[in-house]
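Presented below is the structure to which this report refers.
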Amino acid sequence: MTYRIAVLVSGSGSNLQALLDAEAAGELGAQVVFVGSDRADAFGVQRGLQRNIATAFVPLRQPRNPAVRAAWEGQLAAVVGAFSPDLVVLAGFMRVLSAAFLAHFPNQVINQHPALLPPDGGDTVRTSSGLTIPALRGAHVVPDALARGLPVTGCTIHRVTPTIDDGPILAQAEVPILPEDSVESLHERIKLEERRLLVAVVQRLAGGAGGARS
Ligand code: GAR
């Protein structure tokens, strides 16, 4: 049985590409069966299409209208669910998904976050060198890490729960912040770690779901 992955993206999709490359190299132990996006111009959409993967743009037209948002989540859950994924990967997906969406894929949704998160939902993180730094949540955590003058940040892959940027941690890596870092240079170094961790997490989850798969 193939371990099936749906990947949701809002941007460049370089993490999606890491999954696709690992799959093409026969190293993922899983198949990306669907790519979804809330943005038509997300380059991740092109990456899915280029690999001949079923790819859908599901627009959220009025993000602040609760009824429109609920309907959009229903559409997204339906199209993702049509591909019967074992795992749904939020790879740079910049929309919050509610408990109603998550209920369609219980314990099957994972997210990557470009900062360190604590294991206990708290407001601080203890680094490997014993430093206590703030837990950065939300959509702007790379500039936040720089603006706060932190010496270190990182990335986290975690299971998604209805609480934003929380949930059981699957993998984490620290990334030092260099004096000369810009948002772009720091984010690119974080993404190097994210791509490596994401492939490793998927390999682990796919392997744990039944060993070698064809
Ligand atoms: C990654 O850094 C990911 O952690 C972040 O978006 C980037 C996507 O990069 N996700 C979030 O900030 C989610 N709140 P990519 O489009 O090149 O894969």
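Everything numeric in this text was worked out from a predicted model, so none of it was measured.
A side-chain N or O of Arg47 and one of Gln17 form a donor-acceptor pair less than 3.5 Å apart. No hydrogens or angles considered: a donor-acceptor pair under 3.5 Å links the side chains of Arg195 and Ser14. Between the side chains of Glu174 and Thr127, no donor-acceptor pair is found at a separation under 3.5 Å. A donor and an acceptor atom, one from each side chain of Gln112 and Asn15, are located under 3.5 Å apart.
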Given the rule in the side chain to side chain contact (heavy atoms under 4.5 Å, CB included) test, do Gln62 and Trp72 qualify, once you have shown the distances and angles that lead to the verdict?
CA-CA 9 Å; Gln62 295 172 46; Trp72 169 77; over 6 Å; no

Step-by-step side chain to side chain contact (heavy atoms under 4.5 Å, CB included) determination, Ile177 to Val152
CA-CA 5 Å; Ile177 299 179; Val152 64; 5.6 Å; no

Using salt bridge (charged side-chain N to carboxylate O under 4.0 Å, His left out), reason through Arg51 and Asp21 one step at a time and then give a plain yes or no.
CA-CA 10 Å; Arg51 286 288 171 101; Asp21 290 348; 2.9 Å; yes

Please lay out, stage by stage, how Cys155 and Leu197 fare under the test side chain to side chain contact (heavy atoms under 4.5 Å, CB included).
CA-CA 9 Å; Cys155 52; Leu197 289 186; 3.9 Å; yes

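The neighbour count for Arg204 CZ, taken as heavy atoms of other residues, nucleotides or ligands under 6.0 Å away, is above 12. Enclosure of atom CG in Asp120 by more than 12 non-hydrogen atoms of other residues, nucleotides or ligands within 6.0 angstrom is indicated. Within 6.0 Å of CZ in Arg39 there are 12 or fewer heavy atoms belonging to other residues, nucleotides or ligands.
In this structure the side chain of Arg159 never reaches within 4.5 angstrom of the side chain of Val109, judged on heavy atoms. Residues Ile164 and Arg137 have side chains not in contact (no heavy-atom distance under 4.5 Å, counting atoms from C-beta outward). Taking the side chain as every heavy atom from C-beta outward, Leu60 and Val68 approach each other to under 4.5 Å. Within the 4.5 Å cutoff, the side chain of Leu102 has heavy atoms near those of the Pro162 side chain. Phe93 has its side chain within reach of Leu76: a pair of non-hydrogen atoms, C-beta onward, lies under 4.5 Å apart. Looking only at side-chain heavy atoms (C-beta outward), Asp166 and Leu117 stay at 4.5 Å or farther from each other. Counting only heavy atoms from C-beta outward, the side chains of Phe34 and Ile5 never approach each other to under 4.5 Å. In this structure, the side chains of Leu97 and Glu73 come closer than 4.5 Å at one or more pairs of heavy atoms.
Minimum heavy-atom separation, Leu116 to Thr156: CA-OG1, 3.5 Å. Closest non-hydrogen pair, Gln108 versus Pro85, comes out as NE2-O, 3.4 Å. Taking all atoms of both residues into account, the shortest heavy-atom contact from Gly48 to Leu16 is N-CD2, 4.4 Å. Contact detail for Ser182 and Leu146: the closest heavy-atom pair is C-CD1, 3.5 Å. For the pair Ile53 and Thr55, the tightest heavy-atom approach, listed with the atom from each and the gap, is O-OG1, 2.8 Å. Closest approach of Ala206 to Tyr3, counting heavy atoms only: CB-CD2, 3.4 Å.
The same ILVMFWY cluster, assembled from side-chain heavy atoms under 4.5 Å apart, contains both Val89 and Leu28. In this structure, Ile190 is not a member of the same hydrophobic cluster as Val201, with clusters built from ILVMFWY side-chain heavy atoms closer than 4.5 Å. Linking Ile, Leu, Val, Met, Phe, Trp and Tyr whenever their side-chain heavy atoms come within less than 4.5 Å puts Val32 and Val9 in one cluster. Connection of Leu192 to Val199 is not established within any shared hydrophobic cluster, with ILVMFWY side chains joined at heavy-atom distances below 4.5 Å, either directly or through further cluster members. Hydrophobic clustering places Leu150 together with Val142 (ILVMFWY residues linked when any side-chain heavy atoms are closer than 4.5 Å, directly or through intermediates).
In this structure, Thr124 contributes its side chain and Thr132 its backbone to no donor-acceptor pair below 3.5 Å. Using modelled atom types, no side-chain atom of Arg69 and backbone atom of Arg61 make a donor-acceptor pair closer than 3.5 Å. Using a distance-only test at 3.5 Å, with no hydrogens or angles considered, a donor-acceptor pair links the side chain of Arg189 to the main chain of Pro176. Arg4 places no side-chain N or O within donor-acceptor distance of the main-chain N or O of Ala30, the cut-off being under 3.5 Å. Here the side chain of Thr161 pairs a donor or acceptor atom with the backbone of Thr163 at under 3.5 angstrom.
Using bins of under 30°, 30° to 60° and over 60° for the plane-to-plane angle, the ring pair His158/His113 lands in the perpendicular bin.
For the pairing with Leu8, the side chain to side chain contact (heavy atoms under 4.5 Å, CB included) check across Leu90, Asn111, Asp38 returns one residue only, Leu90.
Taken from CG in Leu87 to CD1 in Ile110, the straight-line distance is 4.5 Å, to the nearest 0.5 Å. Taking CD1 of Ile157 as the reference point, atom CD of Glu193 lies at 10.5 Å (rounded to 0.5 Å). Atom CZ in Phe105 sits 11.5 Å away from atom CG in Asp86 (nearest 0.5 Å). The distance from the CG atom of Leu136 to the CG atom of Asp165 is 10.0 Å, given to the nearest 0.5 Å. Arg126 contributes atom CZ, which lies 8.5 Å from atom CG of Leu131 (distance to the nearest 0.5 angstrom). To the nearest 0.5 Å, the span separating CD on Gln46 from CG on Asp41 amounts to 10.0 Å.
Take Glu27 and apply the salt bridge (charged side-chain N to carboxylate O under 4.0 Å, His left out) test, not counting sequence neighbours, and it matches no residue.
Glu194 and Lys191 are not joined by a salt bridge, as no carboxylate oxygen comes within less than 4.0 angstrom of a charged side-chain nitrogen.
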